[in-house]
There are 2 protein chains.
Amino acid sequence: MIYNPNKALKHALKMENLYEVLGLDSKAKIKQFKKGEILQLEGELSSLAYYVKKGLLRSYTIDNKDKEHIFMFASEGWLIADIESQEFDQPAELFIDCLEDSEVVIFDRKSFKIANLTGDQLKQNAHLLARRTAVLQRRVIMLMSASAKERYNRFLETYPELPNRIPQRMIASYLGITPEALSKIRGEIAKSK
Amino acid sequence: MIYNPNKALKHALKMENLYEVLGLDSKAKIKQFKKGEILQLEGELSSLAYYVKKGLLRSYTIDNKDKEHIFMFASEGWLIADIESQEFDQPAELFIDCLEDSEVVIFDRKSFKIANLTGDQLKQNAHLLARRTAVLQRRVIMLMSASAKERYNRFLETYPELPNRIPQRMIASYLGITPEALSKIRGEIAKSK
DNA sequence: TGTATTTCTTAATCTAGGTTAAGATAATTG
DNA sequence: CAATTATCTTAACCTAGATTAAGAAATACA
């Protein structure tokens, strides 16, 4: 079997059945949000997590120079939450808002009873967290060792649909570079073809 | 209650009881390693995880320019594994080796039966993974938004004991900068006091 | 204990990507 | 659909950190 990182990644992350895996039904609330609506403000104390049924969310920080840094995008089938703050019972460090009109399942990680899940659900749950860890491992290694152009190419391979749904400056923000730098990189890539 | 990130982080990560949380006993092997021994080579297919009873391990990649990038350190009470590769059933991307003579509990993540754990163990397990995610979230945000000096200061706050146990060039590698850059930063900090 | 090897520092030079600025496209909104 | 607002591009200039090099200090080793 030939190893294809992108296929593996996509397969692993596109969990259509996550809704069931989490055992969500009665307690979870489904809510509609408009593009631009903010689900979570930095500084808030919250233990909520958001499962995206439809649409697109993102989480981001704003640094001391008022610069926005996108931590992640969450499209259909993804889960988004400020794990760091929640795990350490701290006020949120991330904003979470909508990049498209979205349908979101909201549930409370605190009242989430692991003991109530079936063995299979538990295993899938563990995989879910492990997969998030895996994605972050890759991201850290890329940030430490790869150029902006390499990171951009990997982004395109890993999330080929996203560029159609978000402005380029947000890709730049996710990659950790400025919109100008990304524009230059795209110019270079276009020229070299 | 005043929020103290370092205290919170230390408390959360220093899991002396992890050994029990994982339900390790009969199946897990305890092994001794000498400083410099390699537990895992890049390219190997492995589903092993390593729990550090005593000593110090690290994981790292080598990029296409032969440059080493340390992904993490694991001292007493920590768990280390190449989650990304294991989760996607790929050959290891990380080397794992010993920075000190170490005593390590080795267990296989694949044969790890989640269903056999107690409810409490499960919950702690979930927290364990969530905490790893939290640490990586912080690391990504720091890499995207903070200067090398800021990242170094945060490192010292978060892991105050590590600088006594590892050469500076490894701190630099972990921070994503060169040893020369770290040396310069330390010079500046020393001067400004 | 002396020699070799690794580590750390300092300094000169280089470069990827940041900053600033201004014009060109494209998308929203009244 | 006109006008405002956001996005993207290009280019000149700047800076944090990389690279290269060489010496000093510390460690390991024979």
Could you check whether A:Lys67 gets within reach of a base, just the sugar-phosphate, or nothing at all, counting any heavy atom under 4.0 Å?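 Contact class for A:Lys67: sugar-phosphate only.
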
Name the nucleic acid region contacted by A:Gly36, choosing base, sugar-phosphate or nothing; use a 4.0 angstrom heavy-atom cut-off, strictly under.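 Nothing, no nucleic acid heavy atom in range.
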
Let me have the donor-acceptor pairs involving side chains of residues 35-50 of chain A, under 3.5 Å, with sequence neighbours excluded, atom names and distances please.
{"unit_1": "A:Glu37", "atom_1": "OE2", "unit_2": "A:Lys34", "atom_2": "N", "d": "2.6"}
{"unit_1": "A:Gln40", "atom_1": "NE2", "unit_2": "A:Ser46", "atom_2": "OG", "d": "2.9"}
{"unit_1": "A:Glu44", "atom_1": "OE1", "unit_2": "A:Leu41", "atom_2": "N", "d": "3.3"}
{"unit_1": "A:Ser46", "atom_1": "OG", "unit_2": "A:Leu48", "atom_2": "N", "d": "3.1"}
{"unit_1": "A:Ser47", "atom_1": "OG", "unit_2": "A:Asp108", "atom_2": "OD1", "d": "2.7"}
{"unit_1": "A:Ser47", "atom_1": "OG", "unit_2": "A:Asp108", "atom_2": "OD2", "d": "3.3"}
{"unit_1": "A:Tyr50", "atom_1": "OH", "unit_2": "A:Leu39", "atom_2": "O", "d": "3.3"}

Indicate whether the side chain of B:Tyr174 and that of B:Arg58 have a donor and an acceptor atom separated by less than 3.5 Å.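 Not at all, the side chains of B:Tyr174 and B:Arg58 share no donor-acceptor pair under 3.5 Å.
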
OP1 or OP2 of D:dA18 sitting under 4.0 Å from any side-chain N/O of B:Thr178?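 Answer yes for this pair, as a side-chain N or O of B:Thr178 is under 4.0 Å from OP1 or OP2.
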
A:Gln168 side-chain N/O to D:dA6 phosphate OP1/OP2 under 4.0 Å: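 So the side chain of A:Gln168 is outside the cut-off, no N or O lying under 4.0 Å from OP1 or OP2 of D:dA6.
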
Considering only side-chain heavy atoms of A:Pro167, which listed nucleotide, D:dA18, D:dT7, C:dG18, is closest?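 Nucleotide nearest to A:Pro167's side chain: D:dT7.
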
Encode nucleotides 21-30 of chain D as B, S and - characters from 5' to 3', where the letter depends on protein heavy atoms closer than 4.0 Å: B to the base, S only to sugar-phosphate, - to neither. B---------

Would A:Arg109 and A:Glu87 pass as an ion pair if we require N to O under 4.0 Å?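 A:Glu87 and A:Arg109: salt-bridged.
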
What integer distance in Å separates [X]:[atom1] from [N]:[atom2]?
{"X": "A:Lys65", "N": "D:dA16", "atom1": "NZ", "atom2": "C1'", "answer": "11 Å"}
{"X": "A:Arg186", "N": "C:dA16", "atom1": "CZ", "atom2": "P", "answer": "20 Å"}
{"X": "B:Arg151", "N": "D:dA16", "atom1": "CZ", "atom2": "P", "answer": "13 Å"}
{"X": "B:Asn164", "N": "C:dT7", "atom1": "CG", "atom2": "C1'", "answer": "16 Å"}
{"X": "B:Ile185", "N": "C:dT9", "atom1": "CD1", "atom2": "P", "answer": "12 Å"}
{"X": "B:Lys184", "N": "C:dC14", "atom1": "NZ", "atom2": "C1'", "answer": "12 Å"}
{"X": "B:Ile177", "N": "C:dC8", "atom1": "CD1", "atom2": "P", "answer": "12 Å"}
{"X": "B:Arg169", "N": "C:dT9", "atom1": "CZ", "atom2": "P", "answer": "14 Å"}

Quick one: do A:Tyr60 and A:Phe95 satisfy ring-ring contact (aromatic ring centres under 6.0 Å, His included)? Show the steps, please. CA-CA 5 Å; A:Tyr60 63 100; A:Phe95 292 86; 5.1 Å; yes

Which residues in residues 141-150 of chain A have a heavy atom closer than 4.0 Å to any atom of DNA chain C?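 Heavy-atom contacts with DNA chain C come from A:Ser147, A:Ala148.
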
Can you name the closest pair of heavy atoms from B:Asp89 and B:Lys110 and give their distance?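 Closest approach of B:Asp89 to B:Lys110: OD1-NZ, 3.1 Å.
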
At their closest point, which heavy atom of B:Leu57 faces which heavy atom of B:Cys98, and how far apart are they?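 Minimum heavy-atom contact is CD2-SG, 3.4 Å.
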
Between B:Phe107 and B:Tyr51, is the gap from one ring center to the other below 6.0 Å?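 Distance test on ring centres: not under 6.0 Å, no.
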
For the rings on A:Tyr159 and A:Phe73, is their centre-to-centre separation under 6.0 Å?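 No, the ring centres sit 6.0 Å or more apart.
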
Could you walk me through whether A:Arg165 and A:Glu76 pass the salt bridge (charged side-chain N to carboxylate O under 4.0 Å, His left out) check? CA-CA 12 Å; A:Arg165 299 171 71 175; A:Glu76 289 80 10; 3.1 Å; yes

